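Quick note on labels: first sequence line is chain A, next is B, and so on, each numbered from 1. The model shown is predicted, which means the values in this text are computed figures rather than measured ones.
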Amino acid sequence: MSAQLKLNNVETYIGQFHILQGISFEVRKGEVTVLLGRNGAGKTTTLRTIMGLNPASKGQVQFNGEDIHSLPTYQIAQKGIGYVPEDQGIFAQLTVEENMKVAMKSDNDQTQARLHYILDLFPDLKTFWKKPGGLLSGGQKQMLSIARAYINENELLLIDEPSKGLAPIVVEKVMESIMEMKENTTIVLVEQNFMMASTIGDRFYIIDDGKTVQSGEMQVLKDDQDMRRKYLGIA
Amino acid sequence: MEVFFNLALNGLATGMLIFLLAAGLTLIFGLMDVLNFAHGGLFAWGAYSGTWIYATTGSFFIGIIGAIITGLILGMITERFIIKPVYGNHVQQILITLGLMLVLSELLKVVWGPNQLSAVAPSFLQGSWEVGNIIIIKYRVFIILVGLLVFLAVQYVLKNTKIGLVVRAGVMNKEMVQALGINIKKVFMLVFMIGAAMAALGGVLLGPYSGVIHAEMGMEFAILAFIVVVIGGMGSFPGSILAAILVGLSGSFMAYYVPDLALAANMLLMVVVLIFRPQGLFGMKG
Amino acid sequence: MIKEKKNLFYGLIAVMLLVLPFVYDSRSMIILLTQVFIFAMFAMSYDLLLGYTGIVSFGHAMFFGIGAYTIGIFMKQFEPTVPYFLLAVLVTVVLTAILSYIVGLLTLRLKSHFYAMLTLAFAGLFLVLAEKWRSLTYGNDGFTFRTPEVFRDRFDFYLICLVAMILVFVLLTRFTNSPLGRVLQAIRENEPRAESLGYSVIQYKIIASVVSGVIAGLAGILYSMSLRFVNTSVFTMDITLDALLMTIIGGVGTLVGAIVGAGIIEFAHHWLTQLAKVHWIFERWIILFGIVYILAVMFFPKGIVGTLQNMKKRKKHTVENKDDKNISG
């Protein structure tokens, strides 16, 4: 299997703070790769660095073999990377429909078909189609944000903590949708909820103090209680 | 009754001119986080270039087109060479746009001389209609109509086109717009150019309204536009027209009844808004 | 050691300026230098805001104008005597302090745009006030007035202004080097951080704004006393622009920069206006400075003095590096 996304010793500063101090990992095509680690370890910044929102000052970010670390954000997105930020990034005063339309590259039949498919996946969005995004519940916002990243045929989705602040039953719904999308998209997932991470993840990387410290198949982490305790603070 | 009606019409016309200036300011601020202190300079350039073209060609219409083109070009130059290099640094932005204001107003005097220019409305807009006892000056109605037209056009674009959607989304969350694959820098330039063109249009319309134009009026109107932007809410386009009409009307009525306090009244309104509702009466971000 | 050298240098210049009128008896030069000193004070007060606290005010002229009108009105309406002069100073201090406090309270908690905008609008208000309150201000034309006996001699007044400028310089240097001044600079560098360290940022900003406003008012007093005349021009944007140009071109956050800037702008103004007889374009000399100003903001945000200091530091740095090599080699 080929690496679709590859980070090679990436370092990122935010202001004067050295947040990422050496992140390296590979994302294989068609898999769900989960980034784990404590709060403040640098998981969100890693995703933002991939998107060029906090550009890397050192190292490489390769997407399909091309180094994208110095490209502007919009070009990175155009290469086929969808992004679901931690705060979901919903345009609160735009309707659900308008939120989707901002993202849609075209309005042809193909996109329309994809839109129908997505709305079947998230029926709530259909219900609130003409309502401002700001009025949605937390879970609905999450779904809108995922739908928006998924509407263009992106090869890779970066999803930042989709379970954050959601009721367990909503988390399950979100999980189901991610499982569905996994069929035709590669996914990088930042997730604190280990149940969710271990259910849908194929492979994991642990980030600690801005560095990737452990990695392997998901099963390894499921079996290794010590590692979980050491880096994630969970048993 | 006649006095009331005249004052109202006058206030509305002034309000529309302020709106043309404030609309660009508020859009540029909302989207780009740039408060353009040179906006009054663009207004004055529109006034001078438009009035000059009008005088040269004899066509008011060509004068207006000329002013708009001047605004577009100056807007492009300003965005590209003055604003772009200092994006993200508020203090530098404020300082640099004020410097540009200075240069723009002085350059006006170099090009057209230090004296004021006079402007007269074209014959078909001169005079007035009489309805009962009320005299309606045609040119004022013309300004109000143009202002409304511009408002509706911009509102339509904001609501119903992809670019308008992107602008509104950009006001709320610039990062996300880019993460969705949109080159927001291009949108910045476009919005800046249109904002400048609206200011220039306001400037050229002011000429026949006040009879003369001079370089200082850029700053005078800019101050009113700042008041409008604060009252209407920075970044709120509908807020800018409502607040502009409010400021125009209050200016017109105050100037008639308590002339000494005309500007003070609007300032006071701004101070009250700043204290109790810094995000503006119709605004969404502070 | 470097600091001592610097102080020696400043002291030398001060002494030279002090003895200048005794050796070089040129009336126009004395008057010009007096203007430089007055505007240097005004520009330093501006630098305290912009350079040391990161506040952009577009209405600094209102404090300057209040001082200018207060002294004028006191001298005209009452007697041109020293007690009334002192009273005018006191009134200026109180008025400017109150006004800067209120303006600061209203806007400093908001984004920097608001402060710039509100001060701009406030100054506009004072301009209107000065135009309309004709019984006191004589409207647009302004009025002449007499000053107390002690201030009438040009040379004495030159010395008074020079001493005042030196005093303001020393006081502000102390102020900016005091713990309070360091907090201000911390705010300029990183406001959220200063806030998280437990400093009440607003209070510090207001203090800076009050000190700055009061000094600007005092400069205004000297300004209209030097002309023995005051009109509405003291409230115009041009006065604020002068302060801005002087601080930016001279160098923000250095105080010395404000003095250097005042010197450059005032001398340039003087000479270029004279050149206007040669070609009218020189009457538009401000364009030149506007462009220099824009370029300075873009490429030399530290101005002349700041850029020089940086160059010196870099030089020292390379010398030290060489020494390091020698030791290790």
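When the heavy atoms of residues 232-245 of chain C are compared with those of chain B, the residues falling under 4.5 Å are C:M237, C:L241, C:L244, C:L245, listed by number. Listed in order of number, the residues of residues 241-257 of chain B that approach chain C to under 4.5 Å between heavy atoms amount to none.
Looking at B:L35, the atoms closer than 4.5 Å to chain C (heavy atoms on both sides) sit in the backbone and in the side chain alike. Of the atoms belonging to B:L102, it is side-chain heavy atoms, and not backbone ones, that fall under 4.5 Å from chain C. With a 4.5 angstrom heavy-atom cutoff, B:M101 does not touch chain C via any of its atoms.
Taking both residues in full, the closest heavy atoms of B:I82 and C:M298 are given as CA-CE, 4.1 Å, listed atom of the first, atom of the second, then distance.
With chain C as partner, the option from B:V230, B:V86, B:V229, B:L104 having the largest number of non-hydrogen pairs under 4.5 angstrom is B:V230. For the set C:I55, C:L106, C:I294, C:L288, the count of heavy-atom pairs under 4.5 angstrom toward chain B peaks at C:I294.
Of the listed residues (B:I94, B:L95, B:V91), just one forms a side chain to side chain contact (heavy atoms under 4.5 Å, CB included) with C:V297, and that residue is B:L95.
Open room surrounds NZ on B:K185; 12 or fewer heavy atoms of other groups in view lie less than 6.0 Å from it. Within a 6.0 Å sphere centred on OH of C:Y101, other residues, nucleotides and ligands contribute 12 heavy atoms or fewer.
With sequence neighbours excluded, the residues forming a ring-ring contact (aromatic ring centres under 6.0 Å, His included) with C:W271 are C:F267, listed by chain and number.
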Which donor-acceptor pairs under 3.5 Å do the side chains of residues 114-131 of chain C make with protein atoms, sequence neighbours left out?
{"from": "C:T119", "atom 1": "OG1", "to": "C:F58", "atom 2": "N", "distance (Å)": "3.0"}
{"from": "C:T119", "atom 1": "OG1", "to": "C:Y115", "atom 2": "O", "distance (Å)": "2.7"}
{"from": "C:T119", "atom 1": "OG1", "to": "C:A116", "atom 2": "O", "distance (Å)": "2.9"}

